[in-house]
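Values reported hereafter were calculated over all heavy atoms of this structure, with side chains retained and with hydrogens, waters and symmetry mates removed. Bear in mind that the values here come from a model prediction, so they are computed numbers and not experimental data.
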Amino acid sequence: MFQGMEYVYEVYREKSFSKAARNLFISQPSLSANIRRIEKRIGYPIFDRNTKPLGLTECGVEYIKSIERILAVENDFTEFINDWGNLKKGSLILGGSSLFSSFVLPSLMGQFAAQYPKIQLTLIEENTSKLQEMLLCGRLDLVLDNSIPDRHIFDYCTYGEEHLVLAVPASFPINQKLMEYQVSVDEIRSHNYLDSSIKHVPLNLFREESFVLLKQENDTGKRAIELCHQNGFHPKVVFELDQQLTSYNVTCSGMGISFISDTLISRVTANLDVVYYKLDEKIGTRKLFFYWKAGRYVSRAMDEFLHIVNKQ
């Protein structure tokens, strides 16, 4: 039933017979003939050839799901075999947002590579929903993220904790009235600003200001809106973005206030055009997690990487 499934999966991935044929190094007529033989064997069409881009039939959707389950089983067995080689060969595929891919994962990958130089490391940068999708179909091994994983479909370990800080363009006049609440980059980097003696800024004082927020599917975006609502106002949003690093750069340009994690502030070059304020920790505090598909085989490479993580 699944003989030749690599042809079907490549057409599905590319949504094009011609592109898939080039990738597979066969002619398009030959690929089309192979697909039709598979469809004849099944008894139903897999692809809806009347849609652009090429789509799947109802039967095709289930066929692709079955292929991905087969690929996941094959990947698990490959990882098991690699363990026999004492990590002398194999791979580890990590995923994270642009923030974690830029500032957190590289140092951990460096430590792992120093101990296991023959393991091929790959880093995928995507948003949370895409990363979770890739975990579930076996295309990723581990993901670092600040959203709470669904414990029914993911296993996880806690990596650390981070806190949201209010980043305000220094050019905004309101800063002159709030100097008692301002915290320095050094205080954020040392986490001294979390001391109970340092007051969090009353967020409702910014109700008339312009904000740069992340989209609501992002944990930071959700928390930002919740913080504003708890302080009795809905923010005036001038930009709604996908990545925290982008929102911070927009704030640095003087265009609006953003909610930024101390993870980012601790790792980027200090910018004199931005003023920082401590926020209410009840909503502004969150955990960082490494997580993976529940029930999958945890390879030696994954296990050793998580061992490095737990030593941090």
### Task
To the nearest 0.5 angstrom, please state how far the CG atom of L144 sits from the CG atom of L108.
8.0 Å
#### Entry: Donor-acceptor pair between E10 and N23 side chains, under 3.5 angstrom
yes
## Note on the structure
Correct closest heavy-atom pair for L24 and L31 would be CD1-CD1, 3.9 Å
### Message
Run E161 and R286 through salt bridge (charged side-chain N to carboxylate O under 4.0 Å, His left out) and show every step you take.
### Response
CA-CA 6 Å; E161 188 175 83; R286 62 191 176 193; over 6 Å; no
For residues 129-139, run the donor-acceptor check on the side chains, cut-off 3.5 Å, and write out each pair with its distance to 0.1 Å, sequence neighbours left out.
{"from": "S129", "atom 1": "OG", "to": "N127", "atom 2": "OD1", "distance (Å)": "3.0"}
{"from": "Q132", "atom 1": "NE2", "to": "Y291", "atom 2": "OH", "distance (Å)": "3.1"}

### Task
May I have the step-by-step check of side-chain contact (heavy atoms from CB on, under 4.5 Å) for F206 and V201, ending in yes or no?
CA-CA 10 Å; F206 297 93; V201 69; 3.7 Å; yes
### Task
Please report the shortest heavy-atom distance between L213 and A224, naming the atom on each side.
CD2-CB, 3.9 Å
#### Entry: 4.5 Å side-chain heavy-atom contact, F172 and V275
no
### Joint cluster assignment, F100 & L264, ILVMFWY side-chain distance < 4.5 Å
yes
### Task
Compute whether any side-chain donor of one residue and acceptor of the other, for T128 and D145, lie under 3.5 angstrom apart.
yes
### Task
Go through the structure and list residues passing ring-ring contact (aromatic ring centres under 6.0 Å, His included) with Y156, not counting sequence neighbours.
F289
### Message
Any side-chain to backbone donor/acceptor pair from N34 onto S30? Under 3.5 Å, distance only.
### Response
yes
### Query
Taking atom OG of S98 and atom CD of Q243, what is their separation to the nearest 0.5 Å?
3.5 Å
### Summary
Sorted by chain and number, sequence neighbours left out, ring-ring contact (aromatic ring centres under 6.0 Å, His included) with H152 holds for none
### Message
We want to know whether S18 and Q28 form a side-chain donor-acceptor pair, criterion being a heavy-atom distance below 3.5 angstrom.
### Response
no
### Task
Quick one: do L94 and M109 satisfy side-chain contact (heavy atoms from CB on, under 4.5 Å)? Show the steps, please.
CA-CA 9 Å; L94 305 172; M109 293 169 67; 3.5 Å; yes
### Query
Is the backbone of L227 close enough, under 3.5 Å, to the side chain of N231 for a donor and an acceptor to pair up by distance?
yes
### Task
Using atom types as modelled and distance alone, determine if a side-chain donor or acceptor of E39 lies under 3.5 Å from a backbone N or O of F47.
yes
### Query
Any side-chain donor-acceptor pair under 3.5 Å between R69 and S66?
yes
### Task
Give a yes or no on whether the backbone of V104 and the side-chain of S107 come within a donor-acceptor separation of less than 3.5 Å.
yes
#### Entry: Side-chain heavy atoms of R41 within contact of Q3, under 4.5 Å
yes
### Message
Assigning hydrophobic clusters by single linkage (Ile, Leu, Val, Met, Phe, Trp, Tyr; side-chain heavy-atom cutoff under 4.5 Å), is L92 placed with L105?
### Response
yes
### Query
With side chains defined as the heavy atoms from C-beta onward, is the minimum distance between Q115 and I308 less than 4.5 Å?
yes
### Query
Is it true that F290 and Y159 have ring centroids separated by less than 6.0 Å?
yes
### Query
So with a 6.0 Å cut-off around CD of E180, is the heavy-atom count from everything else above 12?
yes
#### Entry: Rounded distance (nearest 0.5 Å) linking atom CD1 of I35 with atom OH of Y7
9.0 Å
### Task
Could you pull out all residues at least two apart from D141 that satisfy salt bridge (charged side-chain N to carboxylate O under 4.0 Å, His left out)?
R296
#### Entry: Distance in Å, D76 CG paired with E74 CD, rounded so as to fall on 0.5 Å steps
10.5 Å
### Query
Does the side chain of R49 come within less than 4.5 Å of F17's, by heavy atoms?
yes
### Task
Measure up the F233 and F211 rings against each other and bin them: parallel (under 30°), tilted (30 to 60°), perpendicular (over 60°).
tilted
### Message
If you apply the rule side-chain contact (heavy atoms from CB on, under 4.5 Å), what do you find for I257 with V212, and how did you get there?
### Response
CA-CA 6 Å; I257 298 169; V212 179; over 6 Å; no
#### Entry: Q216 side chain near I225 side chain, heavy-atom distance below 4.5 Å
yes
### Message
Could you work out, with salt bridge (charged side-chain N to carboxylate O under 4.0 Å, His left out) as the rule, every residue matching E62, not counting sequence neighbours?
### Response
K65
### Residues that, via side-chain heavy atoms closer than 4.5 angstrom, fall in one hydrophobic cluster with L272
none
### Query
Do S258 and T251 have a side chain donor and acceptor closer than 3.5 Å?
yes
### Message
For the CZ atom on R189, are there more than 12 heavy atoms of other groups (residues, nucleotides or ligands in this structure) within a distance under 6.0 Å?
### Response
yes
### Query
Closest approach of A113 and L121, non-hydrogen atoms and distance?
CB-CD1, 4.0 Å
### Message
Tell me whether the NZ or CZ atom of K15 lies within the 45° cone about the ring axis of Y12 and under 6.0 Å from its centre.
### Response
yes
### Task
Flag the pair L194 / T285 as yes when at least one side-chain heavy-atom distance between them is below 4.5 Å, and no otherwise.
no
### Atom of I42, atom of I46 and distance for their closest heavy-atom approach
CD1-CD1, 3.7 Å
### Query
Between V165 and Y248, is there a shared hydrophobic cluster once you connect ILVMFWY residues whose side-chain heavy atoms come closer than 4.5 Å?
yes
### Task
Spell out, yes or no, whether F259 and L288 are grouped together once hydrophobic residues are joined by side-chain heavy atoms under 4.5 Å, including indirect joins.
no
### Message
Do L71 and Y9 have side chains that approach each other closer than 4.5 Å (heavy atoms only, starting at C-beta)?
### Response
yes
### Task
Take I67 and Y63 through the test side-chain contact (heavy atoms from CB on, under 4.5 Å) and record every step on the way to the result.
CA-CA 6 Å; I67 288 177; Y63 191 84; 3.4 Å; yes
### Task
Carefully, step by step, assess K222 and E217 under the rule salt bridge (charged side-chain N to carboxylate O under 4.0 Å, His left out).
CA-CA 7 Å; K222 292 177 185 175; E217 56 265 30; over 6 Å; no
### Message
Could you tell me if D262 and Y193 have a donor-acceptor pair between their side chains, going purely by distance under 3.5 Å?
### Response
yes
### Message
To the nearest 0.5 Å, what is the distance between CG on D242 and CD on E126?
### Response
10.5 Å
### Query
Is any side-chain heavy atom of S247 closer than 4.5 Å to a side-chain heavy atom of I260?
yes
### Query
Taking atom types as modelled, is there a side-chain donor on S97 or Q244 under 3.5 Å from an acceptor on the other?
no
### Message
Surrounding CD of Q120 (heavy atoms of other residues, nucleotides or ligands, distance under 6.0 Å), is the total greater than 12?
### Response
no
### Message
So which atom in S101 and which in G96 form the shortest heavy-atom distance, rounded to 0.1 Å?
### Response
OG-O, 3.1 Å
### Query
Is there a donor in the side chain of Y276 and an acceptor in the side chain of Q182, or the other way round, less than 3.5 Å apart?
no
## Note on the structure
Taken to the nearest 0.5 Å, the spacing of S171 OG from D273 CG works out to 7.5 Å
### Same apolar cluster: I265 and V168, side chain cutoff 4.5 Å
no
### Message
Classify the ring geometry of H191 against H163: parallel below 30°, tilted from 30° to 60°, perpendicular beyond 60°.
### Response
perpendicular
#### Entry: Minimum heavy-atom distance P235-C228, with the two atoms named
CD-CB, 3.7 Å
### Query
Is the side chain of T57 donor-acceptor paired with the backbone N or O of P45 at a distance under 3.5 Å, no angle test?
yes
